[in-house]
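Let me begin by presenting the structure, written as structure tokens, before commenting on it.
Throughout, a chain's letter reflects where its sequence line sits, starting with A, and its residues are numbered from 1.
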2 protein chains.
Amino acid sequence: MSSLVGTDSSELGRGARLPRSARRKQLLAAAQQVFVANGYHAAAMDDIAERAGVSKPVLYQHFPGKLELYLALLDTQAEMLGAAVNEALAATDDNRARIHGVLTAYFEFVDRSDGDGAFRLIFETDLGNDPAVRERVEAVAQQTMQAVADTVAGDTGLDRAQAELLSTALTGAAQVAARWWLAEDRPISQEDAVRLMESLLWRGISNFPRQGEAGH
Amino acid sequence: MSSLVGTDSSELGRGARLPRSARRKQLLAAAQQVFVANGYHAAAMDDIAERAGVSKPVLYQHFPGKLELYLALLDTQAEMLGAAVNEALAATDDNRARIHGVLTAYFEFVDRSDGDGAFRLIFETDLGNDPAVRERVEAVAQQTMQAVADTVAGDTGLDRAQAELLSTALTGAAQVAARWWLAEDRPISQEDAVRLMESLLWRGISNFPRQGEAGH
DNA sequence: ACCGCGTGGAGGTCAAGATCGGCGTGCTTC
DNA sequence: GAAGCACGCCGATCTTGACCTCCACGCGGT
């Protein structure tokens, strides 16, 4: 989605007025660029205002403070990842396809076509010690882990704690590998990467003894 | 190892002198507690000095600045994790046992008997945007990933990029699952957790088509 | 002309990293 | 025994970045 950021400073010039909702979107876009590039702590409201081509009081007209601005962006990203994961899980009853879908959701989340790097707000936040941030990041992780644990438990004879451990391992693998893949500038195609990881993880899951089977 | 922190403030009292090297160790112990609990940004040098029972100038006598103090701790943790992983890999030629060893190294790293939580400096740093910090964290990750990729490549017919992707997935799974396991207060024993994850990951790896085999 | 709205130049406030200038103790030397 | 030195230490303060706010401006609609 093309943001308003780049065009505003040049086309609108300083002091150019926007309707309130357009301005808010524009501020969010500018803030996202600065937070993604610098992290929360090294991002100054001055920098964000400058990037947006406005003065600082304008930021405070739309957001109570720096943290709220950050949380607004975080919420958007959390919602996007959560929705993608839910959609992947809901799309099929086949457990292997579900794993494939979740992996794809993670890879697509880090590699959105606009290349905005907003995944870092979720996966690489430097504000993880803030309760509001931690709550949001953990909520997405928890939601995904629980749903995948349902899948794992359904396909193995494992109890819930074991299923949750493996589910956490799976989502951890997805998150870290997707970020590595992007950082290494996509050494293999996303499709191949997802298929490879699905193979790794599904072979592992599907070869667990099922309910009632003797361990081998 | 019992630190000097707790005893110094009560037994030595304010202004109590220590030899330079003993003081440095004590300052590091105090700093670690504060950085682990609060993260880099929310940890103040005042807090660290107070925890150590000294004044702030004493910190600056031993460390050029806050960042250098943090890096000293980070280096120690990076060295410990790296050494544990190398030891696990060197202990056997059996690839499955190597995976087991690496997983164990991660779980033991997060769950050291002193419960100091120092793993957070590596796995949950809020200073990841600082070049010096990022370099150290990535060096450990890279070292582990390369070594495990050697194992993966040795046991599958995968090319290097594919092996590195799976290796990253494996170490990502280990890191995230070990932290979850600790945060959930060890819902299953460490041994069971490691065995379960080894099963997941090893079944996945060992069932890849080998060199020259047709894909099935 | 007035009002509402969106806006900005300037600055207040303060937390926190870092430093200044000096203190006190114990040992050595005369 | 006194003086000097080395070492480890600290109260007070400086400096500065950055969050947030004050107070007024300008434009467009009525």
_Any side-chain N or O of B:R23 below 4.0 angstrom from OP1/OP2 of D:dC9?_
yes
*Residues in salt bridge (charged side-chain N to carboxylate O under 4.0 Å, His left out) with B:D130, at least two apart?*
none
*Quick one: B:D47 CG to C:dA15 P, roughly how many Å, whole number?*
13 Å
*Tell me, please, which residues at least two apart from A:R179 pass side-chain hydrogen bond (donor to acceptor under 3.5 Å, both in side chains).*
A:E124, A:Q175
_Tell me the interatomic distance from B:R20, atom CZ, to D:dA6, atom P, rounded to whole angstroms._
15 Å
*In whole angstrom, what separates A:E50's CD from C:dG9's C1'?*
15 Å
*Kindly write out the residues that satisfy side-chain contact (heavy atoms from CB on, under 4.5 Å) with A:A42, not counting sequence neighbours, or none if the list is empty.*
A:N38
*asked:* Each nucleotide in nucleotides 16-25 of chain C should get exactly one letter: B, S or -. Can you fill that in based on protein heavy atoms under 4.0 Å?
replied: -BBBB---B-
*Whole-Å distance between D:dC9 P and B:L59 CG?*
11 Å
*Quick one: A:Y70 OH to D:dC19 P, roughly how many Å, whole number?*
14 Å
*Considering residues at least two apart in sequence or located in another chain, which fulfil the side-chain hydrogen bond (donor to acceptor under 3.5 Å, both in side chains) criterion with B:H100?*
B:E198
*Determine yes or no for a side-chain-to-main-chain donor-acceptor pair under 3.5 angstrom, with B:T171 supplying the side chain and B:S167 the backbone.*
yes
*Under the salt bridge (charged side-chain N to carboxylate O under 4.0 Å, His left out) rule, collect the residues that match up with A:R20, sequence neighbours excluded.*
none
*What is the distance from CG of A:L127 to P of D:dC19, rounded to the nearest Å?*
12 Å
